[in-house]
Amino acid sequence: MNVLLIGGGGREHALAWALSASPLLSRLHCAPGNPGIAEVATLAAIDVADHAAVIAYCRDHQITFVVVGPEAPLVAGLADDLNAAGIRVFGPSKAAAQLEGSKGFTKDLCREFSIPTAAYERFTAPEPAKDYIRRVGAPIVVKADGLAAGKGVVVAMTLGEALDAVDMMVSGGMGEAGAAVVVEAFMTGEEASFFALCDGETALALATAQDHKRVGDGDTGPNTGGMGAYSPAPVMTEAMVERTMAEIIRPTLAAMRARGTPFSGVLFAGLMITAEGPKLIEYNCRFGDPECQVLMMRLKDDLLTLLLGAVDGQLRTMSARWYDDVALTVVMAANGYPGAPEKGTLIRGVERARALAGVEVFHAGTVLKDGDLVANGGRVLTVTASGATVTEAQARAYAAVDLIDWPGGFCRRDIGWQAVAREKAAGDHH
Ligand code: AMP
Ligand code: GLY
């Protein structure tokens, strides 16, 4: 079968890498893709916001299955338009993608169906939001309702910060996304990312991951799209996974079905593991980036078979198997990120790095210029390694990072630090 993958970041390179190994695949295409993806796929020069152009490309290239990587095309209804054209697609409908597209939508769903999450209220005007904040007090969390590329959340430790966040969002500082806000209670605990494949009716637990959202070592500095991740998340024990499935994921699928908007695709739950158990921070309707990179390193089964199972409603009879090895990924970002990243700087040594055992280098924001690989985005490479322990995977990933010669970029040097510390404490104990 010929498959079209939509997207061009590190997540999509990891998906392309896994899809290209499938015995079911004839030819993989990718729009827009990147130079790493180009090694395993034909790049399609189409505008993915132009759904008619995507459909025409599929018809011209006998593509019968489309896999959508990022959220924006899903929220824009690409899956609906492909389905209407008779092309199978992995990724939720526009209505189901509201789980990511509107935080207020998801919070209301949680309230209606008793899914554990932080207490909250929704607002479209600043004064009522501020009154509520003054009443509840800090710490408190202010979120833009719509898609904001990971920048729509202010965890306010003081009342002043929270009030300023409301002003910033409602006054248009976040564009459309901030026209409505959710104000919610501050939760404490350990965060984890949980992924479940869904076919509208059945959810199949995939794997867990932990990411590092802050730009600086020790989890300091501004938030980013993610500077690194590892899988599995030690906090997600088997019992915690089962509670998450029973208390959060399955009720969500049932609720979406009851509303007439069943969810098919991958449900990415951002969780806070609190003293009372797992609570939902937010949903995404797609794989995480860079969490996808570590998931794909650990996946033993054929990805294309699993994604088709989700689309065809076959998950009840399927399972997903994972390597026991830990996978860890380090994001290399262009200087300036998460502000304005420097573009066009020369990158050398990627081939040397990926030649190391147990290492894959996934391209995120790269482009070829006169035969040279240069930076073309904020997050540029995701250097991914597996190992028997987090400590080993981390050592391998950084050995690979150190073979990459790129003065125009930087990375965190401590991805996985909590888990490495845990392993060290356990080792000292024995
Ligand atoms: P989100 O974009 O909703 O995942 O939020 C980004 C980050 O803000 C999360 O990964 C958490 O670290 C933090 N956060 C969001 N909501 C809460 C909350 N209710 N309590 C504490 N931290 C939160
Ligand atoms: N790394 C977080 C995300 O993909 O949303």
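Every number for a ligand or one of its atoms is a count from 1 in the order of the listing.
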For this session: Kindly say whether Y120 contributes a backbone atom to a donor-acceptor pair with the side chain of R111 at under 3.5 angstrom?
Result: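 Checked: pair present.
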Problem set entry | Donor-acceptor pair, side chain of R214 and main chain of G221, under 3.5 angstrom | yes
Exercise. How does M187 reach ligand 1, if at all, at less than 4.0 Å between non-hydrogen atoms: by side chain, backbone, both, or neither?
Worked result: both
Exercise. Is it the side chain (CB and beyond), the backbone, both or neither of F268 that lies under 4.0 Å from ligand 2, heavy atoms counted?
Worked result: side chain
For this session: Indicate, as side chain, backbone, both or neither, the part of R286 found under 4.0 angstrom from ligand 2 when only non-hydrogen atoms are considered.
Result: side chain
Problem set entry | F123 ring center near Y132 ring center (under 6.0 Å) | yes
List ligand 1 atoms under 4.0 Å from [X], heavy atoms only on the residue side.
X: E282; answer: 1 (P), 2 (O), 3 (O), 4 (O)
X: M272; answer: 21 (C), 22 (N)
X: K103; answer: 2 (O), 3 (O)
X: V155; answer: 8 (O), 13 (C), 14 (N)
X: K213; answer: 10 (O)
X: K143; answer: 3 (O), 15 (C), 16 (N)
X: I281; answer: 3 (O), 4 (O), 15 (C), 16 (N)
X: V141; answer: 16 (N), 17 (C), 18 (C), 19 (N), 20 (N)

Within-cut-off N or O pair, [X] and ligand 2, under 3.5 Å:
X: D289; result: yes
X: G288; result: no
X: E291; result: yes

Exercise. Cut-off 3.5 Å, side chains only: do D302 and S22 have a donor facing an acceptor?
Worked result: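 Yes, because at least one side-chain N or O of D302 sits under 3.5 Å from a partner of the opposite role on S22.
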Problem set entry | Aromatic ring pairing F268/F195, orientation class (parallel under 30°, perpendicular over 60°, tilted between) | tilted
For this session: Give me the ring orientation class for H212 and Y230: parallel if the planes are under 30° apart, tilted from 30 to 60°, perpendicular past 60°.
Result: tilted
For this session: Identify the two heavy atoms, one from A185 and one from V141, that lie closest to each other, and give their separation to 0.1 Å.
Result: O-CG2, 4.3 Å
Seminar exercise, completed: Heavy-atom nearest pair, E71 first then C285, reads CB-SG, 4.3 Å
Exercise. Among M332, R354, E360, whose side chain to side chain contact (heavy atoms under 4.5 Å, CB included) with V383 holds?
Worked result: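 With V383 as partner, side chain to side chain contact (heavy atoms under 4.5 Å, CB included) holds for just one option, M332.
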Exercise. Would one find an N or O of E184, backbone or side chain, under 3.5 Å from an N or O of ligand 1?
Worked result: yes
Exercise. Hey, does A185 sit under 4.0 Å from ligand 1 if you only count heavy atoms?
Worked result: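 The answer is yes, since A185 has a heavy atom less than 4.0 Å from ligand 1.
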For this session: Decide, yes or no, whether a salt bridge links D145 with K107 under the criterion of side-chain N to carboxylate O below 4.0 Å.
Result: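 The answer is no: the pair does not qualify as a salt bridge.
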Exercise. Counting from 1, what ligand 2 atoms have a heavy atom of G225 closer than 4.0 Å?
Worked result: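 Near G225, meaning under 4.0 Å from one of its heavy atoms, ligand 2 has 1 (N), 2 (C).
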Problem set entry | Working for side-chain hydrogen bond (donor to acceptor under 3.5 Å, both in side chains), residues T345 and E342 | CA-CA 7 Å; T345 53; E342 199 182 325; 5.3 Å; no
